[in-house]
Amino acid sequence: MRMSARKLFSVPQHYQIPQTIRKYLHMIQSHNTHLSSPFLPKSPLVLSTNLIKSYFKNGQIFDACLLFDEMPSRDVVVWTTMITEFASRNLYSRALGVFRHMINDDQCVKPNEFTFSSVLKACKGMDSLSCGAMVHGLLMKYGIRGSLYVENALLDMYASCSGSMEDACSIFKDICVKNAVSWTTLITGYTHRGDELSGLLVFKQMLLEDAEINTFSFSIAVRACASIGLSAGGKQIHAAVIKHGLECNTPVMNSLVDMYCRCDSLIEANQCFDAMEERDLITWNTLIAGYEKCDPNEALNVYSRMESEGVIPNCFTFTTVIAAVSNLAVLSGGEQVHGGIIRRGLQRNLALANALLSMYAKCGEVAYSLKVFNDMTSKDLVSWTSMMIAYGSHGYGEAAALLFDQMISSGIWPDRVVFMAVISACSHAGLLDKGLRYFKSMFDDYHIIPDQEAYGCLIDLLGRAGRLEEAYQLIQSMPFLPDESVWGAFLGACKAHKNADMAKLVSREVLGLRPNTAGTYHLMFSNIYAADGEWGEYAKMRKLMKSTGNRKEAGRSWVEVRNQIHSFVAGDKVGSHVESVYDVLEVLIQHAKDAGHALDIGCLTDDMEEGTRNYS
DNA sequence: GTAGGGTTAG
């Protein structure tokens, strides 16, 4: 046997060999055979494998590599340990590198089923179908067959890597005795690529075949229902969960709470939450996130309940809480949460910093947003996009454009969303040419195909600049039928530029859309006609709205004054200090008139009830 | 001394 095996790793030049390794090497050299002694209770191979594992556990990867390199001989277990440890730390290419050395090594150690399942995991992690297929070939070459672990890992690799599901299905079919892992791996393969229905069909098949079923399969199936808003399916699975007596499993119950939240059934979500014997942080985070979208005040209540029960919040919790605060636009609340984040030392979390940046912008404090942005030690595409949205929503189009150019210079590749952010910022600041240049650059320089939403941005840009003809022609020439966002942008522009003729031109097409959205458009048209002074058409539209029962929910605004939130709708007649609000409004209108501005009736008709019109 | 599938945000 050779005394020194080939070295694999390069460690830094001035790296000091740790004392433990020196001692170990000394022992190996003095007992270079498989001896048992008071100093070597186990064989050197077992000892070194254990040592390597503990180095990895402590994050001392250099030491683990150094020790591996110094080993005079290596067996399949220590090779596999290296591969597994790298793969479980998401260092997939290093895992595959070790495997490559293993099969080319002079000592000819044959990989076993343990090795192959870790190697396949690394291929999956790299999303490399070609590597996976090559490993599949090697599996054949080494004649390894009949291990369910390997078959499931192979199935997982084909089901997870980009490509078709055909290979995964064929592996699945060939597994003689499938276990719960085989089934759930196939289901996850479908759901991860957005084909929830196929995943649910496999789950159904699993139940029909009376296959081994466990908690994992249930939570995956519930999540599939949640993703596509299939509450009926989710309820059926809930019944099956009860039938199988799995109500005490926290992950399964968490997925049910999430499913009900996503299906807007907050009552059922609460019932599940209350029925749970044990709740973990995910349970609380899920319920808070559920309320964040529909009732941000209640989301904050759940958060304080969670804190009062002594549950320690994490980054997920804070991100959701910040979103709730943003929805309420309560600056003081946002600052309190920011304080809590700093106290817990979580301010370096990127997603959290991005959420804080957006929160300050929504609360009207762009300068704070910029401070968060500048203080970030690392920024991702979301950070840049959020800062551009912050600038854009406050009318700082030039600043957003400058930021976009800085982002490109810093080497970040843009996506569709960041283009929409910068185009929208240009649109709100009246920077028509700049906005058009960005739209052109999106597909000319970055080959991003604009979707409906991106076209909506462009139409908004043209519309706000008063180029209604061009906007209309663009709608006609788009590669898809215009949706609500496109018509919304166009009609908003018709209204702003008091162009009832253009609005009439498209009314037939727009009102032919889905009946449940027509109400919104009726209101828009009525406002456009009102803005144009066509009160007859306005009255007709309002009548039509009432007859169809369509009613757009009134937009609610609120303002925070001395730690107190005042909420109101347009034309509000009730609430505290309403009279003084109207008095101030009178003064402002008079100031505007004195400055030579005519009162724009169009901006006062939005969402207003009949009585309020008298006011203008 | 070596291997597998699940739940929360952006």
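Within every chain, numbering begins at 1; the chains are lettered A, B, ... in the order of the sequence lines, protein sequences first and strands thereafter.
Remark: A:N50 engages A:K42, A:V46 in a side-chain contact (heavy atoms from CB on, under 4.5 Å) (not counting sequence neighbours). Judged as a side-chain hydrogen bond (donor to acceptor under 3.5 Å, both in side chains), and not counting sequence neighbours, A:S219 has no contacts. Partners of A:S369 according to the side-chain hydrogen bond (donor to acceptor under 3.5 Å, both in side chains) rule, which considers only residues two or more places apart in sequence or in another chain, do not exist here. Listed by chain and residue number, A:N354, A:S383 satisfy the side-chain hydrogen bond (donor to acceptor under 3.5 Å, both in side chains) test with A:D380 (two or more places apart in sequence, or in another chain). Annotation: side-chain hydrogen bond (donor to acceptor under 3.5 Å, both in side chains) contacts of A:Y303 (sequence neighbours excluded): A:E307. Shown here are the side-chain contact (heavy atoms from CB on, under 4.5 Å) partners of A:A95, two or more places apart in sequence or in another chain: A:I83, A:F86, A:A87, A:A122.
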Listed pairs under 3.5 Å, donor-acceptor, residues 203-212 of chain A side chains, sequence neighbours left out:
residue, atom, partner, partner atom, Å
A:Q205, NE2, A:E209, OE2, 3.0
A:E212, OE1, A:A180, N, 3.4

Candidate pair A:E196 and A:R223, rule salt bridge (charged side-chain N to carboxylate O under 4.0 Å, His left out), full reasoning: CA-CA 9 Å; A:E196 276 78 11; A:R223 171 145 169 67; over 6 Å; no
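Residues A:E453 and A:R416 form a side-chain contact, since some pair of their non-hydrogen atoms from C-beta on lies under 4.5 Å apart.
Taking the centre of each ring, A:F116 and A:F99 come in below the 6.0 Å mark.
The nucleotide range of DNA chain B contacted by chain A, defined by atoms under 4.0 angstrom from heavy atoms of the protein and reported 5' to 3', is B:dG1 to B:dG10.
Heavy atoms of A:N50 sit under 4.0 angstrom from primed sugar atoms or phosphate atoms, though from no base atom. Using a 4.0 Å heavy-atom distance criterion, A:D280 is classed as making no nucleic acid contact. Residue contacts shown for A:V78 include a base, since a base heavy atom lies under 4.0 Å away.
Near DNA chain B, defined here as any heavy-atom distance below 4.0 Å, the residues from residues 211-231 of chain A are A:N214, A:T215, A:F216, A:S219, A:I220, A:R223, listed numerically. Taking a 4.0 Å limit (strictly below) on heavy-atom distances, residues 155-175 of chain A does not reach DNA chain B anywhere. The stretch residues 318-325 of chain A touches DNA chain B through A:T319, A:T320, each having a heavy atom within less than 4.0 Å of the strand.
Counted within 6.0 Å of CD on A:E277, heavy atoms from surrounding residues, nucleotides or ligands total 12 or fewer; the atom is thus considered open.
Residue pairs meeting the salt bridge (Lys or Arg N to Asp or Glu O under 4.0 Å) criterion with at least one member in residues 229-246 of chain A, sequence neighbours excluded: A:K235-A:E268.
For the residue pair A:N285 and A:T317, a side-chain donor N or O sits within less than 3.5 Å of a side-chain acceptor on the partner.
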